[in-house]
Every structure is written in structure tokens, then in C-alpha cells.
Amino acid sequence: MRAARGVTAAVILMVVGQQAVAADLAQAASVPQAGTPVTQEPSPWQLRLRGLGVISEDSGYVNAVPGSDLSYSDTVTPELDISYFFTDNIAAELILGTTYADIEGQATIGGLGNIGKVWLLPPTLTLQYHFTKFGAFKPYVGAGVNYTIFYNQDVGSADALKVKNTFGTALQVGFDYMVDQHWGVNFDVKKLFLKPDFDVTVDGAKLTGKAALDPWLIGAGVTYRF
């Protein structure tokens with residue numbers, strides 16, 4: 001009986017020891033070894049800061065004034081973009097910036113000169129497709145919607161001016177060139193289709209019209225991926 005008990009105890013110790021060794025090996029296999037690269041999924045959030053050139057189309061008219069035309073000043077302004085990646089290919093981008101436009105009379109109303117000046121805030125949301133097969137070079141295309149708010153409206157030759165807030169659409173194409181996992185450089189071109197209505201009073205006459213701004217937004221800057 002004593003011999004049987006000794007053999008049984010020895011067998012139990014061997015089994016327990018083997019299980020302990022197996023557990024230690026499994027734990028060691030799950031811990032990255034020194035010098036082994038650890039891959040980390042990129043954050044879905046991305047920021048861009050660009051310098052932006054705003055180039056407007058010179059078109060528009062005053063109702064009831066045949067041959068009237070309008071032109072607008074071109075400007076340079078900073079732009080902040082916030083992107084969220086749903087997948088490696090699909091992202092949404094919110095574009096934020098503000099600028100101004102001097103409005104000039106042209107053609108039959110050229111004698112008015114500077115009609116007024118307005119500031120505009122055109123937040124734009126685009127849905128983008130990013131191409132991922134080109135290494136550090138990451139081109140994309142996008143389309144979306146814009147809502148432009150006109151504020152700080154000052155008159156020039158006009159007695160009163162009111163450019164009305166309006167919706168528009170946007171097309172976008174650009175690329176990032178990533179220097180490392182987080183930082184890159186960006187070039188981007190957007191086209192906004194923006195035609196706000198306006199009310200204007202000149203020499204006591206109250207008139208209406210449409211300003212066909214339709215600006216090109218050409219930007220370059222830096223990208224940061226969290």
C-alpha cells in the first residue's frame with residue numbers, strides 16, 4: 001500500500017509539473033520579445049492645416065438691370081480640416097475656414113465700383129475615397145455639401161447690402177504624402193458650387209440679384225494622423 005501511494009503521488013507531481021511548464025511556455029509566447037516590432041492600428045482621426053487660395057468665378061447679375069455683371073476678390077486664408085476614417089478607404093472630412101470677398105460692379109453697372117464687402121464662413125462636409133495601394137503616396141477624391149454663412153457685410157457704393165446664407169455642393173481631389181506613421185504633407189483642390197441670392201439698395205432703389213461665386217479652393221499644408 002505504501003508503495004502504491006508513493007507511485008500515485010509521483011504521477012500526480014509529474015502531471016502538475018507538466019501543466020505548469022506548458023502554462024509558462026504559453027505565457028512566454030504571448031509576450032513580445034525584445035526587438036520584435038509591434039504593429040499598431042492607426043487612429044481613425046486625422047487633422048490637416050492648410051494655406052488656402054480662394055479663387056472665385058467672376059459672374060453674377062442684378063435683376064432688372066440688363067447686362068449687369070459682378071466680380072469678386074481672390075484671397076488667401078488658413079484652413080483646418082478634421083477627418084474621421086470609417087475604414088482604410090472611406091473617410092469623412094469637415095473643412096473649416098473663413099475669408100472675405102469684395103464685390104465689384106462690372107459691365108453696365110461698372111460705374112458702381114466697389115458695391116460692398118462680405119465675410120463668409122463656408123463649413124463643408126465631404127465623403128472621401130482614399131486609395132491605399134501606393135505606399136506613402138495616398139491620393140483621394142471626395143464630394144459633399146456646403147453651407148455658407150455671410151457676416152460682417154459692409155457697403156461701398158451701395159446704400160445697403162444683404163447676401164443670403166445658402167447651401168452648395170463641393171467636389172474634391174488631393175493627396176497626402178506620409179513622411180512617417182503620423183506626419184505627412186498635403187495638396188488639395190476643391191470646387192464649391194455657390195450661388196447666393198442678395199438684396200441691394202442703390203440710390204434708394206431696392207434690387208435683388210444672384211452672386212455666382214463658385215470658388216476654387218487650392219490648398220497645401222501638413223497632415224497629422226493620430
Side-chain angles (χ1 to χ4, degrees), residues 42-61 63 70-103 116-132 138-153 161-176 184-200 208-226:
S43 165
W45 293 99
Q46 179 176 276
L47 291 179
R48 294 190 184 96
L49 182 63
R50 301 187 184 105
L52 189 71
V54 182
I55 304 172
S56 299
E57 299 283 342
D58 290 331
S59 183
Y61 55 85
N63 293 321
L70 300 170
S71 67
Y72 318 96
S73 58
D74 300 329
T75 59
V76 176
T77 188
E79 179 186 80
L80 174 67
D81 303 320
I82 305 169
S83 299
Y84 184 86
F85 283 77
F86 301 101
T87 70
D88 290 341
N89 300 106
I90 305 298
E93 181 178 75
L94 178 63
I95 301 158
L96 301 171
T98 188
T99 188
Y100 68 88
D102 287 310
I103 304 173
K117 177 180 178 179
V118 298
W119 282 82
L120 53 152
L121 176 67
T124 303
L125 181 64
T126 61
L127 185 66
Q128 301 171 333
Y129 185 85
H130 290 253
F131 300 90
T132 57
K138 301 184 183 298
Y140 58 86
V141 294
V145 64
N146 157 270
Y147 184 74
T148 299
I149 301 167
F150 296 91
Y151 65 100
N152 285 358
Q153 305 192 40
L161 176 65
K162 175 63 175 179
V163 183
K164 301 179 180 180
N165 300 343
T166 188
F167 282 98
T169 55
L171 297 176
Q172 180 183 32
V173 62
F175 68 85
D176 293 301
V185 294
N186 174 262
F187 181 77
D188 183 272
V189 177
K190 290 179 286 290
K191 176 67 172 179
L192 299 187
F193 298 92
L194 186 61
K195 295 179 172 64
D197 295 319
F198 64 85
D199 298 328
V200 64
T208 61
K210 188 175 289 291
L213 295 167
D214 291 344
W216 289 93
L217 310 180
I218 302 174
V222 295
T223 297
Y224 183 79
R225 184 75 178 266
F226 290 93

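Side-chain atoms of Asp188 never come within 3.5 Å of backbone atoms of Ile218 as a donor-acceptor pair (strictly under, hydrogens ignored). Side chain of Ser43 to main chain of Trp45: a donor-acceptor pair is present (N/O by atom type, distance under 3.5 Å, no hydrogens or angles). No donor-acceptor pair closer than 3.5 Å links the side chain of Thr148 to the backbone N or O of Pro122. With Lys117 contributing its side chain and Gln153 its backbone, the two residues share no donor-acceptor pair below 3.5 Å.
A donor atom on one side chain and an acceptor atom on the other are not found under 3.5 Å apart for Asp199 and Thr208. When only modelled atom types and interatomic distance are considered, Ser71 and Asp58 share no side-chain donor-acceptor pair under 3.5 Å. Donor-acceptor pairing under 3.5 Å is recorded for the side chains of Gln172 and Glu93. For the 3.5 Å distance criterion, the side chains of Thr98 and Tyr151 qualify, holding a donor opposite an acceptor. Counted by atom type alone, Thr223 and Asp176 present one or more donor-acceptor pairs between their side chains at under 3.5 Å. Defined by atom type and a distance below 3.5 Å, a donor-acceptor pair is missing between the side-chain atoms of Tyr100 and Asn152.
Taking a cutoff of 4.0 Å between a charged side-chain nitrogen and a carboxylate oxygen, Lys210 and Asp197 qualify as a salt bridge.
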task = Would you check, one step at a time, whether the test side-chain contact (heavy atoms from CB on, under 4.5 Å) holds for Ile90 with Phe85?
result = CA-CA 6 Å; Ile90 305 298; Phe85 283 77; over 6 Å; no
message = Quick one, Arg48 with Tyr224, criterion side-chain contact (heavy atoms from CB on, under 4.5 Å). Give me CA distance, side-chain angles, the key distance, then yes/no.
response = CA-CA 6 Å; Arg48 294 190 184 96; Tyr224 183 79; over 6 Å; no
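Here CD1 of Ile149 is found 10.0 Å from CG of Leu120. Values are rounded to the nearest 0.5 Å.
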